[in-house]
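Comments concern the structure below.
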Amino acid sequence: DTAVSQTPKYLVTQMGNDKSIKCEQNLGHDTMYWYKQDSKKFLKIMFSYNNKELIINETVPNRFSPKSPDKAHLNLHINSLELGDSAVYFCASSPARTSGGGLPGEQFFGPGTRLTVL
Amino acid sequence: DAKTTQPPSMDCAEGRAANLPCNHSTISGNEYVYWYRQIHSQGPQYIIHGLKNNETNEMASLIITEDRKSSTLILPHATLRDTAVYYCIAGRGGNTPLVFGKGTRLSVIA
């Protein structure tokens with residue numbers, strides 16, 4: 001009954017390869033996110049999707065392409081992997097604002113995917 | 001989103017209250033104060049949030065100053081499992097991404 005799940009948990013791959021990370025949430029939330037935590041432990045937003053539509057792309061290289069087949073899933077595909085892509089990637093979800101715009105919307109994070117590019 | 005400032009690290013004896021401060025002097029009127037924590041390489045975990053009033057839940061209490069320029073997260077009886085990095089974030093909530101700073105590394109000592 002995990003709220004936000006990610007697969008795989010660990011991913012080790014060679015430079016130049018293409019890989020995908022999957023994320024699923026069973027909370028019925030409208031908004032999903034991808035965050036990246038680098039080796040210095042800084043946690044930064046990459047993308048945000050609301051009801052399957054991209055709403056935020058924080059200057060992430062084109063090699064990163066999120067895909068949201070439905071509201072419960074947000075997958076991250078990475079082409080031509082580079083050494084600098086090594087990091088922990090976290091998926092998260094949150095409920096949308098209410099019609100009055102006042103819902104604070106705590107975010108629920110997945111366990112993370114540790115990507116190592118060799 | 002308003003920037004927040006936190007001490008880089010703190011220690012707390014097990015069983016004692018842990019008081020984690022946060023400055024957010026540029027917070028705007030529609031921004032909430034959120035607290036999250038990250039326990040060693042796990043995903044960040046929501047703790048509590050508030051707008052103006054002090055808040056309490058089963059995990060912690062949040063004290064926000066009247067001018068809203070600073071706040072304090074209180075863990076009333078810290079345990080070893082509370083050892084984590086604690087992030088104070090000012091944000092509009094809803095579907096707005098969180099802007100994480102460096103946080104405070106809290107070490108609870110037996």
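The model shown is predicted, which means the values in this text are computed figures rather than measured ones. Proteins come first, then strands; the chains are lettered A, B, ... in the order of their sequence lines, and each starts at number 1.
Linking Ile, Leu, Val, Met, Phe, Trp and Tyr whenever their side-chain heavy atoms come within less than 4.5 Å leaves A:I45 and A:M32 in two separate clusters. Cluster annotation: B:Y34 and B:I74 are assigned to distinct hydrophobic clusters (Ile/Leu/Val/Met/Phe/Trp/Tyr, side-chain heavy-atom contacts under 4.5 Å, transitive). Linking Ile, Leu, Val, Met, Phe, Trp and Tyr whenever their side-chain heavy atoms come within less than 4.5 Å leaves A:L83 and A:F42 in two separate clusters. Under the 4.5 Å side-chain contact rule for hydrophobic residues, A:Y49 and A:F90 do not share a cluster. No single ILVMFWY cluster, assembled from side-chain heavy atoms under 4.5 Å apart, contains both A:Y89 and A:V12.
Using a 4.5 Å cut-off between non-hydrogen atoms, the part of residues 100-110 of chain B that approaches chain A consists of B:F100, B:K102. Residues of residues 69-79 of chain A never come within less than 4.5 angstrom of chain B, heavy atom to heavy atom.
Using modelled atom types, no side-chain atom of A:Y33 and backbone atom of B:L98 make a donor-acceptor pair closer than 3.5 Å. The backbone N or O of A:Q107 lies less than 3.5 Å from a partner atom in the side chain of B:Y36, making a donor-acceptor pair.
Atom CD of B:Q42 is separated from atom CZ of A:F109 by 13.0 Å, given to the nearest 0.5 angstrom. If you take CD1 on B:I89 and CG on A:L43, they are separated by 8.0 Å, rounding to the nearest 0.5 Å.
A:Y35 touches chain B through its side chain: at least one heavy atom from C-beta onward sits under 4.5 Å away, while N, CA, C and O do not. When heavy atoms are compared at a cutoff of 4.5 Å, B:Q45 does not approach chain A at all.
The shortest side-chain heavy-atom distance between B:Y32 and A:E106 does not fall under the 4.5 Å cut-off. Contact check for B:Q38 versus A:Q37: side-chain heavy atoms found under the 4.5 Å cut-off.
Remark: A:R63 CZ is packed, more than 12 non-hydrogen atoms of other residues, nucleotides or ligands lying under 6.0 Å away.
Every pair passing salt bridge (Lys or Arg N to Asp or Glu O under 4.0 Å) that includes a residue from residues 65-82 of chain B is listed here, sequence neighbours excluded: B:R37-B:D82.
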Ignoring hydrogens and angles, write down the donor-acceptor pairs under 3.5 Å from the side chains of residues 111-118 of chain A, residues two or more places apart or on other chains.
from   : atom 1 : to   : atom 2 : distance (Å)
A:T113 : OG1    : A:Q6 : NE2    : 3.2
A:T113 : OG1    : A:P8 : O      : 2.7

